[in-house]
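This is a predicted model, so every value here is computed, not measured.
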Amino acid sequence: MSDELAQFIFLLIKAVALPLVIILIVAFAIYFERKFAGFFQGRVGPTYLGPWGSLQSFGDVLKLISKEDLIPAKADKPVFKLAPYLVFIPAFLVMAVLPFGPVGAGQAPEFFGHRFDFVIAAGFDSGLVLFLAMGALAFYGVVLAGWASNSNYSLLGGLRAGAQMVSYELAMGFAVVGVMLMAGSLSLVDIVDAQAGDFWHWYFIPQIVGGVIFFIATLAELNRTPFDLPEAEQELVAGYLTEYSGMRWGMFYLSEYVNMIVVSGIVATLYLGGWRAPLTVLDFIPGPVWFFLKIFFLMFIYMWIRWTIFRYRYNQLMSIGWKVLLPLSLANLVVTAIVVSLVG
Amino acid sequence: MSATPGTKAAARRAAAPPVAAPMATPPHPTLKELKERKAASRQRLRRRGDLLTISMGPQHPSTHGVFRAELDLDGEVIVAVRPEIGNLHRGVEKLCEQLTYHQVIPLTDRLDYIAGFAMNHGFCEAAEKLMGVEVPARARYLRTMTHELCRLSNHILWLGVHIMDLGTQTFFCICFRDREYVLDLLEMLTGARLTHSFARIGGVAKDLPDGFEHRCRKVIDFLPKRVAEYERIVKNNRIYHKRAKGVGIFTSEDCHTWRVTGPPLRAAGVARDLRKDEPYAAYDEVDFEVAVEYNADVYDRFLVRMKEIRESCKIIAQCLDALPDGPFLAKDVAHSLPMKADVLRDPAAMIRDFCQVFKGPSAPKGEVYRAIEVPKGEMGVYIRSEGGAKPARVRFSNPSFYHAQAVPALVEGETVADMVAIFASVDVVLGDCDR
């Protein structure tokens with residue numbers, strides 16, 4: 001078997017398996033979110049379906065699929081139908097560049113004499129840019145959903161999403177540039193390779209400011225509690241989701257969790273060493289295990305934040321984005337640039 | 001004559017009186033100025049056709065019932081609000097005219113269903129004033145205690161709902177858990193969790209059940225600690241500070257204009273509390289402080305309510321300590337029901353019970369107004385009697401109505417997100433608002 005053919009077969013396997021694994025994780029992420037919410041609130045969460053209620057999400061999805069497909073009479077129908085896909089698909093596209101295990105000669109394991117890279121698009125050099133672009137693209141889905149529903153609450157939710165995006169995306173972009181400078185590459189694979197070694201080689205130590213900014217910005221990207229303004233239940237009923245029901249709503253809901261997994265993966269890749277073990281002696285545990293452990297850890301933090309703190313007002317989010325995060329990320333960028341150019 | 005700026009400032013400093021400047025009160029525009037300003041901006045926007053009108057409620061998740069408001073929005077800023085009151089109108093006041101005084105009491109539970117006994121209490125105080133019934137000491141203490149339990153339940157629920165409106169659902173569940181202890185006590189005492197119907201004309205329905213005192217003391221020992229914990233969680237949260245401090249300012253002047261009473265008034269620096277000012281029940285015999293704060297914003301309303309929870313616990317403890325012996329219902333043949341235990345033993349009491357239930361009390365002619373301090377503010381009850389067992393007219397002037405109608409003055413110029421917080425902070429229950 002030629003190497004090209006083997007790589008192509010591997011690619012197919014990866015491209016089918018990774019989304020499936022992630023969808024499976026999503027089902028359990030929703031279950032765990034509800035379970036954690038229950039524990040935080042002194043309740044038990046879902047208990048009926050499956051052992052300890054663990055199959056709850058499958059039941060929910062079945063229910064959502066079997067529901068009537070309802071489109072408001074005055075909605076902009078094509079856009080209304082398009083919007084969920086605009087949110088759903090970009091979330092999956094980022095997975096193509098996410099290294100979930102060892103990549104490259106000398107690191108990646110060999111199967112049948114051919115190297116198996118644990119990333120779908122191994123040769124893609126600007127994964128970081130793809131992530132930022134897809135994050136921005138997903139917001140079109142939110143804004144269009146708000147617009148196409150022809151409901152005032154949805155419109156306000158969409159507007160808030162737009163305002164939110166411009167206020168945190170700049171800070172997010174500049175925070176990432178720090179990592180880019182240190183690694184000297186935009187490729188997520190190279191960024192993980194630059195963090196080789198024990199956990200004190202990871203970027204969360206030199207890039208602590210950028211890391212915290214990036215993490216806060218991802219909260220806004222994921223529309224989760226202190227920044228869940230586009231769907232603020234107490235204010236806008238459900239924001240841009242108000243008019244959605246059935247599986248269309250389900251797609252928004254699922255893509256929220258897919259996004260959460262992907263963004264956790266990006267945070268882990270940029271700042272927590274990606275698939276690398278925290279200590280090199282622990283290298284006998286395979287990379288994908290570490291990678292998903294880090295993802296679960298970050299997801300738990302997202303859930304923890306969601307169920308404990310208050311929501312910002314949207315002008316407060318904007319002032320945080322422009323007055324605090326942006327200057328801080330610029331300062332972080334300048335300091336990183338100087339240090340990198342001095343040290344070499 | 002060109003003095004440098006430095007010397008000018010020095011001269012001004014020298015000329016200034018040496019006394020410390022008085023505590024600066026924030027320059028808050030008067031209601032009239034505000035209204036004019038708002039009307040002008042509304043006109044301007046309306047001419048441009050730039051307002052987005054949204055209908056908030058009656059199914060909106062944070063209007064606390066079936067309150068509906070039409071909001072005119074400029075972006076997210078509320079330019080005008082038109083509250084719609086009356087979705088829950090059940091004709092309670094009209095119904096009262098068909099019922100005897102005893103029968104009205106269960107109806108009053110349905111006004112403010114968060115603090116049912118407080119409503120019973122208000123009506124009975126008014127009816128007793130009309131009929132000149134003397135309430136025995138034990139009943140007065142029991143009423144005070146039950147009323148304070150209702151206040152606890154109300155304020156704890158308020159806290160949960162208020163925090164939930166700012167985006168944290170966890171707190172809501174924690175508060176509900178703690179409110180459950182208070183509801184258990186009320187259930188033990190009155191037999192019902194929400195619709196207590198516990199007050200009677202001339203006293204209360206039942207005596208303390210066995211073991212109540214022990215349980216009650218446990219709860220009131222434990223609740224202040226919980227409140228301290230709540231306060232620690234909420235006060236140390238920067239987001240809460242940002243969302244609550246300086247938001248929804250409603251000065252004492254505005255409160256007088258809109259007849260806003262209770263915690264929002266006390267948060268505006270007015271130590272007005274009918275429990276102190278016009279004592280009823282046993283409030284003049286117990287020792288408590290009126291919680292007052294001065295900034296008149298959402299944050300201070302939170303502080304006032306937390307203080308009131310502590311004071312309520314103190315009042316309940318004192319009531320339990322000083323609970324006098326004696327009957328819990330007045331021995332007033334013409335106006336009050338006999339005690340249930342006597343009805344089953346004593347023929348005279350049985351006949352009296354029969355007369356009271358089937359005929360009703362014989363009230364004199366006249367009209368009375370009696371106001372008491374319920375958890376949400378001042379509740380006024382007006383009764384006009386033309387003699388006989390049924391009132392000719394009953395009017396409830398309940399705090400929620402005044403708080404709901406003050407919504408335009410409270411929220412115009414704020415954002416939608418703040419409207420939710422402010423609306424929750426004045427504490428409105430729609431059953432109380434639309435009667």
Side-chain angles (χ1 to χ4, degrees), chain A residues 33-34 36-45 146 149-164 216 219 223-239 241-242 303-320 323-324, chain B residues 51-64 70-78 160-178 180 233-234 236-248 298 414-424:
Chain A
E33 168 118 54
R34 294 177 63 174
F36 285 142
F39 293 154
F40 281 126
Q41 300 175 350
R43 305 183 281 114
V44 291
S149 302
N150 201 6
S151 149
N152 287 340
Y153 284 113
S154 305
L155 182 61
L156 276 179
L159 285 176
R160 279 183 173 192
Q164 183 168 319
I216 294 173
L219 285 173
N223 292 333
R224 290 181 76 81
T225 298
F227 307 124
D228 60 342
L229 306 163
E231 47 184 306
E233 190 201 332
Q234 285 81 13
E235 296 149 24
L236 301 182
V237 189
L241 295 171
T242 308
M303 291 175 189
W304 189 3
I305 290 175
R306 170 158 178 192
W307 297 107
T308 35
I309 57 179
F310 297 79
R311 180 185 304 121
Y312 274 108
R313 201 163 61 217
Y314 94 110
N315 53 351
Q316 288 168 344
L317 162 68
M318 291 177 78
S319 72
I320 290 170
K323 291 183 190 164
V324 182
Chain B
L51 291 184
L52 176 72
T53 304
I54 68 173
S55 163
M56 196 172 183
Q59 298 101 337
H60 192 281
S62 51
T63 51
H64 300 199
E70 252 178 41
L71 313 179
D72 283 348
L73 301 180
D74 170 25
E76 287 246 350
V77 179
I78 297 169
V161 172
H162 170 61
I163 302 295
M164 187 175 70
D165 283 347
L166 294 176
T168 307
Q169 286 170 3
T170 303
F171 219 84
F172 179 71
C173 294
I174 296 175
C175 289
F176 254 67
R177 184 188 62 190
D178 286 350
E180 208 63 20
I233 295 172
V234 174
N236 291 340
N237 195 312
R238 282 192 46 189
I239 305 181
Y240 185 73
H241 282 241
K242 281 196 161 185
R243 290 299 303 274
K245 272 198 174 160
V247 170
V298 172
E414 309 272 0
T415 59
V416 180
D418 279 343
M419 172 180 174
V420 172
I422 295 166
F423 185 67

Counting only non-hydrogen atoms closer than 4.5 Å, does [X] touch chain A with its backbone (N, CA, C, O), its side chain (CB onward), both, or neither?
| X | result |
| --- | --- |
| B/Val247 | side chain |
| B/Arg243 | both |
| B/Ile233 | neither |

Heavy-atom closest contact ([X] atom, [Y] atom, distance):
| X | Y | answer |
| --- | --- | --- |
| A/Arg313 | B/Thr415 | CD-OG1, 3.3 Å |
| B/Gly248 | B/Glu414 | N-OE2, 3.5 Å |
| A/Phe40 | B/Thr170 | O-CG2, 3.4 Å |
| A/Tyr153 | B/Met56 | OH-CA, 3.1 Å |

Can you tell which part of [X] gets under 4.5 Å to a heavy atom of chain B, answering side chain, backbone, both or neither?
| X | value |
| --- | --- |
| A/Ser151 | neither |
| A/Leu159 | neither |
| A/Ile305 | neither |

Check whether any side-chain heavy atom of B/Gln169 sits under 4.5 Å from a side-chain heavy atom of A/Trp307, and report yes or no.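 Sidechains of A/Trp307 and B/Gln169: in contact.
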Compare all side-chain heavy atoms of B/His162 with those of B/Val298 and state whether any distance is below 4.5 angstrom.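 Yes. Closest side-chain heavy atoms under 4.5 Å.
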What residue, out of B/Ile163, B/Thr53, B/Val234, has the most heavy-atom pairs lying under 4.5 Å from chain A?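 Option with the top pair count is B/Ile163.
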Top contributor to chain A interface from B/Leu73, B/Asn237, B/Ile174, B/Val416 [non-hydrogen pairs under 4.5 Å]: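 Looking at each option in turn, the highest pair count goes to B/Asn237.
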